[in-house]
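Proteins get letters first, then strands, A, B, ... in listed order; numbering begins at 1 in each.
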Protein chains: 2
Amino acid sequence: MIGMTATGTIVCCTEVGPALAGRDAERIATVFKALGDPTRVKLLSLIAASDAGELCVCDLTEPVGLSQPTVSHHMKVLVDAGLVHREQRGRWAYYRPTTEVLEDATRTLIDS
Amino acid sequence: MIGMTATGTIVCCTEVGPALAGRDAERIATVFKALGDPTRVKLLSLIAASDAGELCVCDLTEPVGLSQPTVSHHMKVLVDAGLVHREQRGRWAYYRPTTEVLEDATRTLIDS
DNA sequence: ACTTCAGATCGACACATGTCAATATGACGG
DNA sequence: CCGTCATATTGACATGTGTCGATCTGAAGT
């Protein structure tokens, strides 16, 4: 926006609405940051596209071509961001996507 | 998924659909990574919420409390990700959000 | 042309992040 | 209980990232 001071100088800056609160911005950034890595994008898409709607780590290491600890680490990031839900059944850990979190983050970012 | 080998051993892993192609995953990750920082979340929300639908750098430094070079750097990241459009008018550079990119990334991630 | 002003780029620094091998944990089967 | 299997955690390392001060680039105005 272009305005003008009392002396006639053209200025650009005008007052602007308040930014998102710091905590909100950090919460939203955490969600997006979790998806800011190609490996985690692949992992989530694999789970979302699976027939059963859930997969365990052993299903995931081979498609992404990374070691088991690395996949485990990435899954923890996705869980901490609230993007997937972890359920232990016997020896295996099953992961299922929770799509609302991504939708909420996007809405909060755009609407407010 | 739980299956069983010819010898009767219970196994977990079954074949699974192919992951997103590497380039698609990287393209999507670039978009989300750009939003994976609280400062950039604030910047985009400030622009999206502004009355004119666009803002210049001088409007943005004060709300986020960072130096001009740092804000400039963050805006470049957002532009490179395709999340905002940059237009030079006179001395000022105006930024406007391009929401389709975020929607597309989300859709590609979830649907395929 | 010289100055001023908005914004971008550069160089440097501290800190975060992705990766792996090695090890720990915890569940199941014999 | 003892071994095995699936997964998590730890420690280490290279690379990436956010930030700033200093400087460069261009556009107006005088």
Exercise for the section: Using a cut-off of strictly less than 4.0 Å, decide whether A/S72 has a side-chain nitrogen or oxygen near OP1 or OP2 of D/dA6. Expected result: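 So the side-chain polar atoms of A/S72 never come under 4.0 Å of the phosphate oxygens OP1 or OP2 of D/dA6.
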
Exercise for the section: Check whether any side-chain N or O of A/Y94 sits under 4.0 Å from OP1 or OP2 of D/dT7, and answer yes or no. Expected result: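 A/Y94 to D/dT7 OP1/OP2: no side-chain N or O under 4.0 Å.
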
Given atom [atom1] of [X] and atom [atom2] of [N], what is their separation to the nearest angstrom?
X     : N      : atom1 : atom2 : value
A/D59 : D/dA6  : CG    : P     : 11 Å
A/L55 : D/dA6  : CG    : C1'   : 15 Å
A/R86 : C/dG26 : CZ    : P     : 11 Å

Exercise for the section: Let me see the working for B/E62 and B/V71 under side chain to side chain contact (heavy atoms under 4.5 Å, CB included), right down to the final yes or no. Expected result: CA-CA 10 Å; B/E62 187 270 336; B/V71 172; over 6 Å; no

Of the listed nucleotides [options], the one nearest the side chain of [X]:
X     : options              : value
A/W92 : C/dT19, D/dA6, D/dT9 : D/dA6
A/L66 : C/dT19, C/dG7, D/dT7 : C/dT19
A/Y95 : D/dA8, C/dT19, D/dT7 : D/dA8

Practice task
Give me the residues of residues 73-81 of chain A where at least one heavy atom lies under 4.0 Å from an atom of DNA chain C, by number, or none.
Solution key: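 A/H73, A/H74, in order of number.
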
Exercise for the section: Output the residues of residues 27-38 of chain A in contact with DNA chain C, where contact means a heavy atom of the residue under 4.0 Å from an atom of the strand; sort by number or write none. Expected result: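 Nucleic-acid contacts, sorted: A/K33, A/D37.
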
With rounding to the nearest 0.5 Å, note down the distance linking [atom1] in [X] to [atom2] in [Y].
X     : Y     : atom1 : atom2 : value
B/L55 : B/S50 : CG    : OG    : 4.0 Å
A/I47 : A/Y94 : CD1   : OH    : 12.5 Å
B/C56 : B/Q88 : SG    : CD    : 10.5 Å

Side chains of residues 20-35 of chain A: which donor-acceptor pairs under 3.5 Å do they make with residues two or more places apart or in other chains?
from: A/D24; atom 1: OD1; to: A/R27; atom 2: NH1; distance (Å): 3.1
from: A/T30; atom 1: OG1; to: A/E26; atom 2: O; distance (Å): 2.8

Are any non-hydrogen side-chain atoms of [X] and [Y] less than 4.5 angstrom apart?
X     : Y     : answer
A/H74 : A/K42 : no
B/H85 : B/V79 : no
A/L66 : A/T61 : no
A/R96 : A/E87 : yes
B/Y95 : B/L78 : no

Problem - Donor-acceptor contact present, side-chain A/S72 to main-chain A/P69, <3.5 Å - result: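 Side chain of A/S72 to backbone of A/P69: no pair is present.
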
Please list every donor-acceptor pair under 3.5 Å in which a side-chain atom of residues 97-105 of chain A meets a protein atom from a residue at least two apart or in another chain.
from: A/T98; atom 1: OG1; to: A/G82; atom 2: O; distance (Å): 2.5
from: A/T98; atom 1: OG1; to: A/L83; atom 2: O; distance (Å): 3.1
from: A/D104; atom 1: OD1; to: A/R107; atom 2: NH2; distance (Å): 3.0

Sort me out a list of protein N/O and nucleotides 21-27 of chain D N/O pairs below 3.5 Å, or just none if empty.
none

Handout entry: Verify same cluster id: A/V84, A/L46 (apolar side-chain graph, 4.5 Å)
Key =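 In one cluster: yes.
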
Pairwise N/O distances under 3.5 Å, protein to nucleotides 11-14 of chain C:
none

Practice task
Describe the nucleic acid contact of A/R89 in one word from base, sugar-phosphate, nothing, applying a heavy-atom distance below 4.0 Å.
Solution key: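 Contact class for A/R89: none.
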
Problem - B/Q68 vs B/H73, side chain to side chain contact (heavy atoms under 4.5 Å, CB included): CA-CA, chis, key distance, verdict - result: CA-CA 9 Å; B/Q68 174 267 315; B/H73 162 69; over 6 Å; no

